[in-house]
Each structure stands twice: as C-alpha cells, then as structure tokens.
Amino acid sequence: MNKIIFPDGFIWGAATASYQIEGAWNEDGKGESIWDIASHTPGKIKNGDKGDIACDHYHRYKEDVQLMKKLGLNAYRFSISWPRIFPSGTGKVNQKGLLFYDKLINELLANEIEPVVTLYHWDLPVSLQKIGGWESLEVVEAYVDYATCIFNHFGDRVKMWITFNEPMVFTLGFYAEGFFGERNVRGGIMATQYVNVAHAKAVEAYRLSPYSDGKIGITLDLSPVYPKTDSSLDKMAVTIVDGVTNRLFLDPVLKASYPRDILRIFKDIFNLPPIPKEDLQLLKNNPIDFLGINNYFCERVHAEKPGDLIDIEALLKKEKIEGREYSEMGWEVYPEGLYDLLMRVDKDYNHPIIYITENGMACKDDKIINGIVQDDDRLSYLKRYFAAAHQAIRDGVNLKGYFVWSLMDNFEWLEGYSKRFGLIRIDYKTQERIWKKSAHWYRNVIAENGFDIDS
Ligand code: FCB
C-alpha cells in the first residue's frame, strides 16, 4: 500500500460549461451566442455537430445533480450562459434565464454540493460580437452590468466566482485562427487587455455587491514550456512562448503588470499603443482571492533559426515526439508538467491560493463491459495528475481543490462530439448517462480523500 491522502477540506469537483452541455439553444427567451452561430455555419464544426441539444442538461439538470451526488462531489463548476440572462447582451433581463440557474443552484445546495460559477465560458451574445466583441469598451461595460446582475441575484447562495475561463483561448486563440472571419492577431492582443479590464471591473463590482463574503478569481489555461533540445535557440523560444502563453495572463491578475519582453515584441510587430496606466491601477486595486488553473498538457518548443523565434504560432505547433504519450486531442500527457507548473506559479507569484479548475483527458472510450465504459487510460491519467498535485502540496503549494474536466462527455467546441472527456458517458441518441470506470474510481478517491498510488 502506498496511500496518498489530501489535506482535510480539499475540494473535489467536476467542471462543465453552459454551451457544451445545456442544449435548449433557443428556449425560454434565450438569445443567440457566437457558438450558436458557429454551430449553424456549415463546415465550421467537425462532422457538422451542433450544440442545440448537447447533453440536454437544461431539462435534465436534476438527474445530473443526482449523478454528482452519487460521485460524492464537494463542488460543481459550471458557467452561466450570458445570452440566457440578457438575450441581446444588455438591456432587459430574461427572468426565465435566471430561473433556470436558480433551480440548478438550489438543487446543488439541497444536495450539499457547492456551486462554483464561471461568468464567461466563451458564449458571447451575438449582438455584442457585432459591435466589436472583446475589442470594444461597450462590451466591457455590458459584461460588468451582466456580472453585477448575477452577483446581486445569486450572491446569497454562490460563494465562489470565476470571472473568465481561459482568456488566452477566446482572445489570442480565436482571433489568430480566424474564428471571427479574418485572422487578426493584433485584435486578439488588444482583446486580452480589454478582458483584463473587464475582469478587474467585475472583481470591483463583486466587492461592492450586497453579498461580497465569497471568493472571486479567474481561470487561466497554463502549460509548462520545455525546450525540445538543449540548444540556446530552443531555450530562447521557451522564454518567448512562456511569456505569450503564461506570463501575459498571469502578470496582469497577480502582479498588476504586463511582461515587458513580450510587450516589446508585440510593439515591434503590431505597433501597439502602450497599456493605459489606469488599467494597471484598476488591476492593482482589485486583486483576486484565488487563481484557477486549467492544465491539460505541456509545450515542447523548437527553433531552427533566429527568425523562428517571432513566429509564435509555428513554435506552438504540436508535433508528436517519439516515445511520448498523447491523448486523443494530440496533447502530451505529462503529469510532471503539472507539478513543475504549480511550483513555478507558487514561487514566481507569491504563493497564491490555487484551484485546478480543469484537468482531464479525451479518450477513445470504445469498450463497454457490463454497462461500464473501460476507460483505463483516463483513470491512469487522473491518478498520475492527482499524484503530481499532491506532491506539489507537500512541497508547499497552496492548492485547495481539483475539478476534473468533465462531469460528462459534451460538445468539445470545434471538435463537436468527436472527443469524449467525461467521467460519465453520454449516449447522444438516447441521452442515457453511463458510468465509466474512472467515475467509479473517482468516487472512491473523494470518499477517502486519497487513493493508493500502486493499485
Ligand atoms: C478547455 C476548455 C473546456 C474544454 C477543455 C477540453 O480549454 O476550457 O471548455 O473544452 O478545454
């Protein structure tokens, strides 16, 4: 027996996001989000999949809370669909939208599961994209109004808030890949700054709201970056990629600053204006209570010649390296990377309180025996990542909880339903929920607050 036990009070959870599970895309007065448009655009999503029904969670939330209860979850992280609350982004509140989340939150609390709410997990109301999306100050103001409405309505029952999920993906990522039409890297960089302003203003609004006795933070997608070889060019590539994918997002929310080396590179290439002083002040005045980290993989970067160093997208191309382990997403499985990442954030950012707000693995899940999905690969992944997190806690990291992505299989954005991340399998034809081996194992982990690493 080689048992790992987590600290008392450690929070075990699972995570989802509104568009990925809810369905009911046009019910009860909901407005359209940019993902409804993407879903309905031929050729955009793999296999023509749509989020119209997804896991039908909008109608099956009670059954899903029972699944959580059976798993023994301490907490459940989900996001609110902005266009359910404000169908056109601003203006009149849709009461039926509030009602759905009232029912979900009350159901969670009645089952002793703590609701952890993400305000924005990528489903921007379409009308706000039309006026400039995250490059527009009007959208920033609309977000703060939306956040304020949510804090006022649910703040009596929700005590853990996340302003944004993965700003890098919906700013730099979406803009660079041309999600909104033309590729527009400059727009993506500007959007990161607007999102930071929106984030800080939402934190400010929370502190001023009637129920401000909870905690508020942000979720960043972070990955440790390693050089592919020992060359000095590869080491320089590490500094740049780490700067653009990690420090550019960590520094504003934890140090109220932007990494100078990266700003210099951006300025040279894109002729960007300086960051307004008042934006930095706003970030400084509104620190977070905790940092949410989503981690799925590590980066290994390589540059052949000095010119390669400024082509960040090329540096981030994921090539498979002989002998390494990859998930169905093509992401490198590297639990040591989670350990390195946690230690580094702890050291460089003054020992913040951290939650892993997402971690998990897409697997084939093609074997079902006696009604149980045989996802040994996912189970092994979770075991090794949990062990890495535990080691980081032993070495001093202030890690307070872990949310597995995801509670159930769901609409994996551009990949549609082709990738399965759930602890629970969804049969999309019948909407049946089917337990996987990893879910049974996770239930024991939660019950014992630990597990035997050798079994
Ligand atoms: C993260 C997203 C989440 C999910 C996982 C696999 O980047 O936050 O919605 O798609 O990846």
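In this chain, residues are counted from 1 in sequence order. None of the values given here were measured: they were computed from a predicted structure. Counting convention: from 1, in listed order, for ligands and their atoms alike.
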**Student:** Parallel, tilted or perpendicular: which one describes the rings of Tyr226 and Tyr334, with boundaries at 30° and 60°?
**Tutor:**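 Geometry flag for Tyr334 against Tyr226: perpendicular rings.
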**Student:** Given a heavy-atom cut-off of 4.0 Å, could you list the residues near ligand 1 in chain and number order?
**Tutor:**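 Answer by chain and number: Gln20, His121, Trp122, Asn165, Glu166, Asn294, Tyr296, Glu358, Trp405, Glu412, Trp413, Phe421.
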**Student:** Which residue pairs satisfy the salt bridge (charged side-chain N to carboxylate O under 4.0 Å, His left out) criterion with at least one member in residues 37-49, sequence neighbours excluded?
**Tutor:**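 For residues 37-49, and leaving out neighbouring residues, the salt bridge (charged side-chain N to carboxylate O under 4.0 Å, His left out) pairs sorted by first residue read Lys46-Glu415.
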**Student:** Sequence neighbours left out, what pairs pass side-chain hydrogen bond (donor to acceptor under 3.5 Å, both in side chains) with at least one residue falling in residues 177-190?
**Tutor:**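 Of all non-adjacent pairs touching residues 177-190, those that pass side-chain hydrogen bond (donor to acceptor under 3.5 Å, both in side chains) are Arg183-Glu313.
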**Student:** Could you tell me whether Arg77 sits above the aromatic face of Tyr355, with NZ or CZ closer than 6.0 angstrom to the six-membered ring centre and within 45 degrees of the axis?
**Tutor:**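 No, Arg77 does not lie over the aromatic ring of Tyr355.
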**Student:** Just grab all the side-chain hydrogen bond (donor to acceptor under 3.5 Å, both in side chains) pairs involving residues 138-150, residues at least two apart or on different chains.
**Tutor:**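 For residues 138-150: Glu141-Lys201.
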**Student:** How are the rings of Trp413 and Phe411 set relative to one another: parallel (under 30°), tilted (30 to 60°) or perpendicular (over 60°)?
**Tutor:**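 Rings of Trp413 and Phe411: perpendicular, as their planes differ by over 60°.
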